[in-house]
Amino acid sequence: LGMARAVHDNYDPGLPGDPVARSIALELDRAAHDLLLLSHRRNSAEGHEAVTVTVEPITAELPALTAPLVIPTPDPANWILIGSLMEDLRRVREEIVGGVE
């Protein structure tokens, strides 16, 4: 909800062209993939009926998150939104990988 609100309140038409915003979007896609894998593993471990997820290729079973993004200086027009999204991404990543590495 916070991410949606941050994007709604701070959206700029140039945002899709911002390389940092594209990097964040890619990491969020990877986080969604890893969250599905984590959910599937937890359900299996707890004896719950597994949700069938069809994913291809075989590497889809491997975690996709990379190292945290490092952004030295965000675009001045988007720095509030980028900062907000980075903090949300940090929290999501921390939940998936189990804390600060």
Side-chain angles (χ1 to χ4, degrees):
L1 186 59
M3 291 177 110
R5 186 67 197 197
V7 171
H8 179 272
D9 289 351
N10 299 290
Y11 185 79
D12 176 90
L15 190 62
D18 187 323
V20 174
R22 287 194 307 263
S23 296
I24 291 171
L26 178 61
E27 287 303 306
L28 287 171
D29 188 49
R30 290 175 174 171
H33 170 270
D34 289 356
L35 188 58
L36 277 174
L37 291 177
L38 184 62
S39 174
H40 179 69
R41 281 189 224 123
R42 283 186 181 164
N43 284 338
S44 295
E46 294 173 1
H48 298 291
E49 184 177 323
V51 175
T52 304
V53 178
T54 306
V55 286
E56 295 292 333
I58 294 171
T59 56
E61 295 299 320
L62 301 174
L65 275 177
T66 60
L69 292 174
V70 176
I71 302 170
T73 307
D75 183 330
N78 299 321
W79 72 271
I80 292 173
L81 177 57
I82 295 297
S84 177
L85 293 176
M86 285 298 297
E87 176 59 14
D88 290 335
L89 181 59
R90 181 198 64 78
R91 280 190 238 128
V92 167
R93 184 178 193 283
E94 190 174 282
E95 286 296 319
I96 292 171
V97 300
V100 179
E101 296 176 352

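Here the structure is a predicted model, which means the values were calculated and not measured. We number each residue from 1, following the sequence as shown.
- To the nearest 0.5 Å, the span separating CD on E95 from CZ on R90 amounts to 9.5 Å.
- Here R91 pairs with E87, D88 under the side-chain hydrogen bond (donor to acceptor under 3.5 Å, both in side chains) rule; sequence neighbours left out.
- Under a 4.5 Å side-chain heavy-atom criterion applied to ILVMFWY residues, the cluster that includes W79 comprises I80 as well.
- Hydrophobic clustering places M86 together with V7 (ILVMFWY residues linked when any side-chain heavy atoms are closer than 4.5 Å, directly or through intermediates).
- Placement of L37 and L26 in two distinct hydrophobic clusters is found when ILVMFWY residues are connected by side-chain heavy-atom separations under 4.5 Å, directly or transitively.
- Rounding to the nearest 0.5 angstrom, the gap separating the CE atom in M3 from the OG atom in S84 is 7.5 Å.
- In this structure, V92 and A31 approach most closely via the heavy-atom pair CG1-CB, 3.7 Å.
- Listed by chain and residue number, N78 satisfy the side-chain hydrogen bond (donor to acceptor under 3.5 Å, both in side chains) test with D18 (two or more places apart in sequence, or in another chain).
- L35 is linked by a side chain to side chain contact (heavy atoms under 4.5 Å, CB included) to I96, counting only residues two or more places apart in sequence or in another chain.
- Under the 3.5 Å distance criterion, the side-chain polar atoms of N10 are matched with a main-chain donor or acceptor of A6.
- The side chain to side chain contact (heavy atoms under 4.5 Å, CB included) with I24 is formed by just one residue from the set L85, D29, L81; it is L85.
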